[in-house]
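Below is one structure, written out as structure tokens; the observations come after it.
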2 protein chains.
Amino acid sequence: MSKPAKSDLSSTAEDYVKAIWSAREWGGEPTSITALAERFGTTRATVSETIKRLTARGLVTHEPYKEIALTPTGELEALLMVRRHRLLETFLVTTLGYGWDEVHDEAESLEHAASTRMIDRIDDVLGHPDHDPHGDPIPSRDGVIRHPASAVSLAEAAPGDYCIVRISDSDSDRLVYFDEQGLLPRSPINVQSQDDRAGTTTVVTAHGNLVALAGDATRAIMLVPTPH
Amino acid sequence: MSKPAKSDLSSTAEDYVKAIWSAREWGGEPTSITALAERFGTTRATVSETIKRLTARGLVTHEPYKEIALTPTGELEALLMVRRHRLLETFLVTTLGYGWDEVHDEAESLEHAASTRMIDRIDDVLGHPDHDPHGDPIPSRDGVIRHPASAVSLAEAAPGDYCIVRISDSDSDRLVYFDEQGLLPRSPINVQSQDDRAGTTTVVTAHGNLVALAGDATRAIMLVPTPH
DNA sequence: CTCAAGAGTTAGCATCGGCTAACATTTGAG
DNA sequence: CTCAAATGTTAGCCGATGCTAACTCTTGAG
């Protein structure tokens, strides 16, 4: 039944390479066994075994107690999964009227089932979009992604910075809050003040709203310098 | 990861109840272990075990060597899967430009992954269609399907019958052939002659084409009497 | 009516993904 | 520098799904 939609990886393998890749996307540290266990709601033992299997399949390199990294094959698979995920999110928003805070879980399921043909048709129908609804760049069909070199977390921004927003798609509640504040992906904001001790940043949105952010919220927002 | 999109059935269970239901849709005999094994490209042993598990889960009734039938629960699950499948097929054709001969396999994958929310949104976007691209009726969200009572296989049609076509979606090559002949789902045809010995039926299509059909092809087409 | 072919089942095995419990290694607080 | 906490691994178990081989039951050709 249901032929392998694309690669011959199990959906577990697909999820793992994507998670390993994603950890580093915005300048983050490599993942750990523990972090993956939390991410997938499973135990360290299970993750350790799964990583061993992925290593045997040539997707991952991992020496006990050392860094978990992707092989070139693993990285390509990860980028193709990221492509599927982001194109599906964009499609759900533009075609089925999903809110940008609702698409993540749906795309997470569909990315394992949709064929490459379907992903490419979606890409065509959408007119080859550069970004998904959260402002994240979409890799090409051969796994090339174009990341703004100097993107920086809002936590590290300086007052006066004038940038474009990119927002992590994984926390739906936070997305709803940002939405209410007029903090939308790819919309310009202006950094007003930065309080390192309190970990608080104040920004002015395109709508002129003054929004104060703290903690995780400042790390969920990436600032991409505007060309002008 | 990726939460259970809808029911708590495994995709194997979903495939089996759908296959068991489908065998009887157009007046066919109940399936057999062997037929299911062929359908799913697996062994009789595996099917026998799977059916035992489905029986234990209350989806199927089966005494060794007897008929395989669905319980009411199993039948509802089957109808909901058929609904997902047919709505997805319709969506792929109208929104992503798939040909009606290309949609079957894609829908077969997606029907396990799409959430109920997504299926219902598709239903809305399509304006609650009655039929999929092959002319098959689409069950409602509570599992009610409206089948023409007197539908009959082309093999049993009488000359002079004037009917609407419904074509099995599972054989892509045959669909391409039908397409070339102007034999399209829900288009009217007129039965010209019927040769029982040769198993051949000749029909006139809406375009005026004279098409001769034999063997499986005559069984793949169901004739639905036109009201007028 | 018989019996071999075909259909279905059972036994025994493998893999995957998951678990707990126990053990090993690394690291950072004091 | 030490040692306890945190992190990672291994061993041994389980259930789901799949296989092959061998068995049993049913049925139809002769």
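A note on names: the letters A, B, ... follow the listed sequences, proteins ahead of strands, and every chain is numbered from 1. None of these values were measured; they are calculated from a predicted model.
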Proximal nucleotide (of [options]) relative to the [X] side chain:
{"X": "B:Lys52", "options": "C:dT10, C:dT25, D:dT24", "value": "C:dT10"}
{"X": "B:Arg53", "options": "D:dG8, C:dT10, D:dA16", "value": "D:dA16"}
{"X": "B:Thr46", "options": "D:dG18, D:dG8, C:dG8", "value": "D:dG18"}
{"X": "B:Ala45", "options": "C:dG8, D:dA21, D:dT17", "value": "D:dA21"}
{"X": "B:Thr50", "options": "C:dT9, D:dT9, D:dG18", "value": "D:dG18"}

[X] [atom1] to [N] [atom2]: how many Å, rounded?
{"X": "A:Arg39", "N": "C:dG18", "atom1": "CZ", "atom2": "P", "answer": "14 Å"}
{"X": "B:Leu54", "N": "D:dG18", "atom1": "CG", "atom2": "P", "answer": "11 Å"}
{"X": "B:Glu49", "N": "D:dA16", "atom1": "CD", "atom2": "P", "answer": "12 Å"}
{"X": "A:Glu38", "N": "D:dG8", "atom1": "CD", "atom2": "C1'", "answer": "14 Å"}
{"X": "B:Glu67", "N": "D:dC25", "atom1": "CD", "atom2": "P", "answer": "21 Å"}
{"X": "A:Arg44", "N": "D:dT9", "atom1": "CZ", "atom2": "P", "answer": "11 Å"}
{"X": "B:Tyr65", "N": "D:dC23", "atom1": "OH", "atom2": "P", "answer": "14 Å"}

Exercise. Which heavy atom of B:Ala13 sits nearest a heavy atom of B:Arg57, and at what distance?
Worked result: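 It is CB-NH1, 3.8 Å.
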Exercise. Considering all heavy atoms of both residues, which atom of A:Arg121 and which atom of B:Leu96 are nearest to each other, and what is their separation?
Worked result: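 Nearest heavy atoms, A:Arg121 then B:Leu96: CD-O, 3.4 Å.
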For this session: Identify, between B:Arg57 and B:Lys66, the residue whose nearest nucleotide on DNA chain D lies closer to the 5' end.
Result: B:Arg57
Exercise. For B:Thr42 and D:dG18, is the shortest distance between a side-chain N/O and OP1 or OP2 below 4.0 Å?
Worked result: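 B:Thr42 to D:dG18 OP1/OP2: no side-chain N or O under 4.0 Å.
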Exercise. Counting just side-chain N and O atoms, does A:Thr34 come under 4.0 Å of either OP1 or OP2 of D:dA6?
Worked result: no
Exercise. Among A:Glu25, A:Glu108, A:Glu77, A:Glu75, which residue meets the salt bridge (Lys or Arg N to Asp or Glu O under 4.0 Å) test with A:Lys18?
Worked result: A:Glu108
Exercise. Please walk me through it: do B:His85 and B:Asp132 pass side-chain hydrogen bond (donor to acceptor under 3.5 Å, both in side chains)?
Worked result: CA-CA 9 Å; B:His85 183 89; B:Asp132 75 8; over 6 Å; no
Exercise. NA contact type, A:Thr43, heavy-atom cut-off 4.0 Å: base, sugar-phosphate, or nothing?
Worked result: base
